[in-house]
Amino acid sequence: AERVFSGVQPTGNLHLGNYLGAIKRFVELQNSHECIYCVVDLHAITVWQDPEELKRHTREVTAAFIACGIDPKAHIVFNQSQVSGHAELAWIFNCVARMGWLNRMTQFKEKAGKDRENVSVGLFAYPTLMAADILLYRATHVPVGEDQKQHLELTRDIAQKFNTDFAPSIAAYGHGEGYFPLTEPLIAGPATRVMSLRDGAKKMSKSDASDFSRINLTDDADAIAGKVRKAKTDPEPLPSEEEGLKGRPEAENLVGIYAALSDSSKAQVLKDFGGGQFSAFKAALVDLAVAKLGPIGADMQRLMNDVSAIDAILADGAARARALADQTIRDVKDIVGMVRA
Ligand code: TYM
């Protein structure tokens with residue numbers, strides 16, 4: 001059976017990249033798949049998080065999921081730390097993955113920078129926890145932005161090595177060829193890598209010092225309009241075909257955003273706006289972004305006013321996730337050779 005899993009870190013400043021690259025796709029997959037969407041608080045603490053802020057951001061991501069259209073009754077929405085199987089399976093995967101594999105992770109290299117001696121052990125082990133998130137539910141498909149591609153390749157490597165290392169035991173317990181599926185990433189559409197509005201060479205990110213680099217899901221109409229108008233562009237008018245976007249990262253980014261927000265394609269957007277001035281295109285983009293994001297921001301605020309309702313959704317989701325996770329943990333303990341009741 002096909003099952004979707006994905007996660008978002010509760011580290012604040014949820015932005016248009018998170019929406020177009022991930023959450024909007026989460027919403028679409030609900031019609032065709034059984035979906036599990038997780039607020040990954042254990043991942044968040046790989047870098048320092050203020051405790052009160054962590055709670056607020058965990059509820060905020062939950063509110064964003066619901067405001068964007070995820071149905072927590074038909075599917076599962078929960079925060080990672082409420083299901084202990086994530087940490088348990090991550091430990092086992094720490095013993096399956098090789099140092100060399102993790103040493104190659106570009107996200108770790110970027111986040112650790114020069115000060116390798118002073119980052120948490122958790123930041124290095126981040127990708128094994130991510131593999132555990134996915135494989136705990138034996139998920140077959142994972143919608144993410146482009147930046148997570150390498151982590152999903154590692155997840156497949158871990159599944160493959162586990163299946164091979166324990167092949168006799170897996171067969172003895174009646175699981176056939178392999179216990180874990182080789183999960184497929186779902187990275188598609190015109191906005192798999194939304195770039196900063198200030199610099200077409202940098203991705204839009206929660207941690208960029210400039211708030212003008214990103215459109216936050218909580219931005220109001222004035223903020224959205226201001227940021228789009230100030231967005232960096234070049235002096236040329238828009239081309240009529242995609243070829244013409246080559247070497248113009250800022251223009252390509254805005255066209256991609258327009259295409260994703262309007263459920264269209266870059267080619268179609270250029271058919272409609274090609275040859276025209278940037279200012280006219282930007283004005284249309286403001287209208288579109290405000291129409292699409294305005295209601296989401298308003299709904300998030302409304303939901304955040306009732307913290308206990310959000311916590312009840314997370315508790316209910318965690319209970320249902322735990323039921324699935326517990327079965328995997330029992331199987332894995334048997335396969336690995338751990339005595340259990
Ligand atoms: P996180 O919290 O950084 O981002 C959440 C999702 O948003 C996508 N994304 C983007 N997409 C397009 N353009 C951008 N500029 C952009 N920035 C972020 C990310 O690709 C992601 O899909 N490691 C993950 C969280 C995670 C996870 C998992 C994901 C933990 N366990 C299991 C999938 C499956 C992360 O840091 O996402």
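Note that the structure is predicted; figures quoted are calculated from it, not measured.
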Please tabulate, for the side chains in residues 236-243, all donor-acceptor contacts under 3.5 angstrom to protein atoms that are two or more places apart in sequence or on a different chain.
from	atom 1	to	atom 2	distance (Å)
Glu243	OE2	Lys246	NZ	3.0

List, one per line, each side-chain donor-acceptor pair under 3.5 Å for residues 94-105, sequence neighbours excluded.
from	atom 1	to	atom 2	distance (Å)
Asn94	OD1	Thr128	OG1	2.6
Arg98	NE	Val96	O	3.1
Arg98	NH2	Cys95	O	3.0
Arg98	NH2	Val96	O	3.3
Asn103	ND2	Met99	O	3.3

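With sequence neighbours excluded, the residues forming a ring pair (Phe, Tyr, Trp, His ring centres under 6.0 Å) with His141 are His33, listed by chain and number. Residues satisfying the ring pair (Phe, Tyr, Trp, His ring centres under 6.0 Å) criterion with His43, sequence neighbours excluded, are Tyr126. Legend: residues meeting salt bridge (Lys or Arg N to Asp or Glu O under 4.0 Å) with Lys203, ordered by chain and number and at least two apart, are Asp147. Applying the side chain to side chain donor-acceptor pair (under 3.5 Å) criterion to Gln160, with sequence neighbours excluded, gives no partner residue. Listed by chain and number, the residues in a salt bridge (Lys or Arg N to Asp or Glu O under 4.0 Å) with Asp326 amount to none (sequence neighbours excluded).
For residues 165-188, the set of pairs meeting the side-chain hydrogen bond (donor to acceptor under 3.5 Å, both in side chains) definition, not counting sequence neighbours, comprises Lys161-Asp165, Tyr179-Asp331. Listed by first and then second residue, the ring pair (Phe, Tyr, Trp, His ring centres under 6.0 Å) pairs involving residues 221-262 are Tyr258-Phe273, Tyr258-Phe281 (not counting sequence neighbours). For the ring pair (Phe, Tyr, Trp, His ring centres under 6.0 Å) condition, no pair includes a residue of residues 294-313, sequence neighbours left out. Screening residues 283-302 for side-chain hydrogen bond (donor to acceptor under 3.5 Å, both in side chains) gives Asp299-Arg302 as the qualifying pairs, with residues at least two apart or on separate chains.
Val40 belongs to no hydrophobic cluster, as no Ile, Leu, Val, Met, Phe, Trp or Tyr side chain comes under 4.5 Å of its own.
The aromatic ring centres of Phe180 and Phe93 sit less than 6.0 Å apart.
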